[in-house]
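Since the structure comes first, as structure tokens, the remarks are kept for the end.
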Amino acid sequence: GQNIDQPTEMTATEGAIVQINCTYQTSGFNGLFWYQQHAGEAPTFLSYNVLDGLEEKGRFSSFLSRSKGYSYLLLKELQMKDSASYLCAVLPRGSYIPTFGRGTSLIVHP
Amino acid sequence: ETGVTQTPRHLVMGMTNKKSLKCEQHLGHNAMYWYKQSAKKPLELMFVYNFKEQTENNSVPSRFSPECPNSSHLFLHLHTLQPEDSALYLCASSQDRVAGGKSEQFFGPGTRLTVL
């Protein structure tokens with residue numbers, strides 16, 4: 001099975017940088033997703049990491065270390081609209097069905 | 001219409017009612033999912049269908065009954081629910097690329113269910 005851990009809540013200031021961590025333990029690993037979910041809305045896809053390293057996509061970047069079972073989502077130049085829940089999800093080897101973490105609620109304040 | 005749609009968006013029902021949630025995807029995906037999302041809890045996978053065949057049932061009570069008539073449509077039939085079943089019910093779809101390549105899920109807007 002999979003065990004996924006991420007902080008419950010984080011706060012940050014508009015314009016700042018925030019890093020949301022996700023650690024996982026799994027018997028087999030294919031890749032890791034990050035999703036964003038605004039309150040009352042559907043989760044939307046942000047990134048998918050398979051190989052070690054950092055992938056940058058605009059203000060958002062995602063990092064993966066397979067050997068350490070660790071990923072983070074980096075948000076730069078924070079905006080108020082970035083206030084949302086950020087979900088880490090692990091894709092097990094041999095499956096197309098991800099397992100989701102509890103999500104990190106990010107609050108961006110002025 | 002594109003993406004994943006769900007109806008109704010909001011539903012209030014009594015414990016003796018029977019209702020159905022509907023999900024439709026226009027993305028050509030072959031896998032569809034039902035999730036339950038309660039406050040302060042992670043997404044709970046309920047059912048998975050692949051090419052209309054149910055491949056996962058995560059020990060869901062029988063008062064929830066899924067139906068997948070084709071790869072584009074998914075239903076969740078509800079009967080004799082309990083107040084603790086009140087939650088956001090999300091439908092999602094994806095391609096089942098087990099061998100490789102990302103297979104991100106596309107979610108519908110959800111149905112906010114309240115059981116009185």
Side-chain angles (χ1 to χ4, degrees), chain A residues 1-9 20 22-26 28-51 55 57 60 62 64 66 71 73 84-105 107, chain B residues 2-7 9-10 23-25 27 29-51 53-59 87-114:
Chain A
Q2 295 84 40
N3 187 22
I4 302 170
D5 191 38
Q6 50 181 134
T8 303
E9 188 173 293
I20 303 174
C22 173
T23 58
Y24 62 89
Q25 296 168 330
T26 179
F29 177 84
N30 215 355
L32 187 143
F33 294 95
W34 283 98
Y35 285 84
Q36 179 191 60
Q37 185 179 23
H38 286 100
E41 298 183 12
T44 55
F45 170 78
L46 289 178
S47 65
Y48 179 63
N49 292 68
V50 176
L51 302 176
E55 293 202 8
K57 194 186 293 185
F60 292 8
S62 57
L64 177 67
R66 296 173 69 112
S71 172
L73 183 69
S85 183
Y86 291 87
L87 308 174
C88 170
V90 170
L91 194 63
R93 184 181 301 134
S95 175
Y96 57 90
I97 304 171
T99 299
F100 283 84
R102 290 181 171 271
T104 299
S105 177
I107 300 168
Chain B
T2 59
V4 181
T5 59
Q6 287 185 246
T7 54
R9 294 294 309 275
H10 299 273
C23 176
E24 189 171 353
Q25 59 100 359
L27 301 168
H29 292 158
N30 53 14
M32 295 188 76
Y33 312 74
W34 278 118
Y35 286 92
K36 175 184 178 182
Q37 188 173 40
S38 304
K40 308 296 183 185
K41 286 188 175 182
L43 279 174
E44 297 175 50
L45 180 66
M46 299 176 72
F47 302 103
V48 182
Y49 278 82
N50 193 328
F51 284 112
E53 298 296 321
Q54 187 178 124
T55 59
E56 292 276 334
N57 178 338
N58 246 13
S59 303
L88 181 68
Y89 288 84
L90 290 163
C91 172
S93 70
S94 74
Q95 281 297 121
D96 62 339
R97 295 195 187 98
V98 174
K102 71 173 194 268
S103 56
E104 78 267 31
Q105 292 176 312
F106 292 77
F107 287 84
T111 295
R112 174 68 61 185
L113 174 67
T114 302

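Here is how names work: the chains are called A, B, and so on, in the same order as the sequence lines, proteins then strands, and each is numbered from 1. Everything numeric here is computed off the predicted structure, so don't read it as measured data.
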Exercise. With a 4.5 Å limit on heavy-atom distance, are the side chains of B:L90 and A:P43 in contact?
Worked result: yes
Problem set entry | Closest-packed option against chain A by number of heavy-atom pairs under 4.5 Å, given B:P109, B:P42, B:G110, B:A31 | B:P42
Problem set entry | Option that, when pairs with chain A are counted at under 4.5 Å, heavy atom only, ranks first among B:Y33, B:Y35, B:F107 | B:F107
Exercise. Can you say whether B:Q37 sits under 4.5 Å from chain A via the side chain, the backbone, both, or neither, judging by heavy atoms?
Worked result: side chain
Seminar exercise, completed: Bottom line for B:F106: the part with an atom under 4.5 Å from chain A's heavy atoms is neither
Seminar exercise, completed: In this structure, CD of B:E104 is separated from CG of A:L46 (nearest 0.5 Å) by 11.0 Å
Problem set entry | OG-CG distance between B:S94 and A:L91, expressed to the nearest 0.5 angstrom | 9.0 Å
Seminar exercise, completed: From the list A:F33, A:Y35, A:F45, side chain to side chain contact (heavy atoms under 4.5 Å, CB included) partner of B:Q105 resolves to A:Y35
For this session: Mind listing the closest non-hydrogen atom pair of B:G108 and A:A42 along with its distance?
Result: O-CB, 2.7 Å
Problem set entry | Partner chain B: residue of A:P98, A:G31, A:G101, A:G103 with the largest heavy-atom pair count (under 4.5 Å) | A:P98
